[in-house]
Amino acid sequence: MFTSTGSSGLYKAPLSKSLLLVPSALSLLLALLLPHCQKFFLYDLQAVKDDFQIWRLICGRIICLDLKDTFCSSLLIYNFRIFERRFGSRKFASFLLGSWVLSAFFDFILVEALQYSFGITAASNLPSGFLAPVFALFVPFHCSIPRVQVAQILGQFSITNKTLIYILGLQLFTSGSYIWIVAISGLISGMCYNSRVLKIHQVLCIPSWMAKLFSWTLEPIFSSSEPTSEARIGMGATVDIQRQQRMELLDRQLTLSQFAHARRQRQRQGGMINWNRLFTPLRQQRSVNYQDDRQSEQQASPPLEASEEQVARLMEMGFSRGDALEALKASNNDLNVATNFLLQH
């Protein structure tokens, strides 16, 4: 929707689709038809601490009772579906589970620190819903999604493919009095899980048997068909920018078709694909006119050396080291393009 980090729709993102449909439907049901049942879904840490209502840690952290929060979090989940495509539904679910559990612990710490330091009681006023994992997803979004400038305001302020996502997150951050507590705990839990502190990712993860069970039962229900055609033009404000974006789109389609042909040849003959022979280095990005683009195509620089961190990320997705190295070399060390090569074929 706002970013150019993947194809449109919810193809290969059944968990994201379920998080969009189920909590949103329940939130609307509680707001419109069953308002008297909302008390069971309040996120009240004071009741958890005083009356041992542990069940509120689950019921109060799944369904948003504020429709504004429901709308904003749904938009963010839709844009963060790229992580489910990159890492698979199991790793994506493990990240959400880990950040969801850790954020409950950090909520307690922040609420107690606020009351001890300033005498402010916020334990009974925290917003309900699946909000902390949504804020936690900003951590991998900031770290792994590259910034691509799409427009410029007043000659100094750049608008990138990530700007509107951050604005939407800021809108959610300021939607309530104490939602910042949930946001901060979500960001902290996302950093802890993403940096693998104390091997949390090995403790708070989805078991393989459970992932297989859900893939057999729920994935057919929430799966989406592959989009037939996509013509992403982006946010080009001038004819030159739009022409450049169309040329980049054609380059990518040509490169993907060459990759598919090379992969079929490899399956028939075996061995390593000679990526450098098949792919010319990608056109360097220019914010000038069409003539400069033609010159940059002829004077493209040689591919950069692939970093071990990027190779490790591709290997975590299930690709071999050889394919990861060659894909990164062919894409000038662009992790997004290399991932698209390997995922789509």
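We use all heavy atoms of the structure for the numbers below, so side chains are in, but hydrogens, waters and symmetry mates are not.
With sequence neighbours left out, the salt bridge (charged side-chain N to carboxylate O under 4.0 Å, His left out) criterion links E112 to K49.
To the nearest 0.5 Å, the span separating CD1 on I62 from CG on L57 amounts to 11.0 Å. Going from atom CG of D69 over to atom SG of C72 covers 7.0 Å, rounded to the nearest 0.5 Å. Between the CZ atom of F138 and the NZ atom of K162 there is a distance of 10.0 Å, given to the nearest 0.5 Å. Interatomic distance, L10 CG to L19 CG, rounded to the nearest 0.5 Å: 10.5 Å. Interatomic distance, CD1 of I200 versus CG of N194, reported as 11.5 Å (0.5 Å rounding). Expressed to the nearest 0.5 Å, how far CG of L20 lies from OG of S73 amounts to 8.5 Å.
Under the ring pair (Phe, Tyr, Trp, His ring centres under 6.0 Å) criterion, the residue pairs touching residues 191-212 are F95-Y193, with sequence neighbours excluded.
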Check residues 119-134 and write down every donor-acceptor pair under 3.5 Å in which the side-chain atom is one partner and the other belongs to a residue at least two apart or another chain.
from : atom 1 : to  : atom 2 : distance (Å)
S124 : OG     : D44 : OD1    : 3.2
S128 : OG     : F41 : O      : 2.9
S128 : OG     : Y43 : N      : 3.1

Report task. Apply side-chain hydrogen bond (donor to acceptor under 3.5 Å, both in side chains) to T160 and T163, showing your working. Result -> CA-CA 5 Å; T160 70; T163 301; 3.2 Å; yes
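No side-chain heavy atom of S223 sits under 4.5 Å from any side-chain heavy atom of K17. Between S16 and F92, some side-chain heavy-atom pair lies under the 4.5 Å cut-off. Between F80 and I165 the shortest side-chain heavy-atom distance falls below 4.5 Å. Using a 4.5 Å heavy-atom cutoff, the side chains of I159 and L164 are not in contact.
Hydrophobic clustering (side-chain heavy atoms under 4.5 Å, transitive across Ile, Leu, Val, Met, Phe, Trp, Tyr) groups I221 together with F214. One hydrophobic cluster, built from ILVMFWY side chains closer than 4.5 Å, holds both F118 and I184. Taken together through direct or relayed side-chain contacts under 4.5 Å among Ile, Leu, Val, Met, Phe, Trp and Tyr, W216 and L218 form parts of separate hydrophobic clusters. Follow the hydrophobic side-chain contacts under 4.5 Å out from L29 and you reach L32 in the same cluster. The same ILVMFWY cluster, assembled from side-chain heavy atoms under 4.5 Å apart, contains both L26 and L33.
A salt bridge links R321 to E308: at least one charged side-chain nitrogen sits closer than 4.0 Å to a carboxylate oxygen.
Remark: L198 CG is loosely packed, at most 12 non-hydrogen atoms of other residues, nucleotides or ligands lying under 6.0 Å away. The neighbour count for F108 CZ, taken as heavy atoms of other residues, nucleotides or ligands under 6.0 Å away, is above 12.
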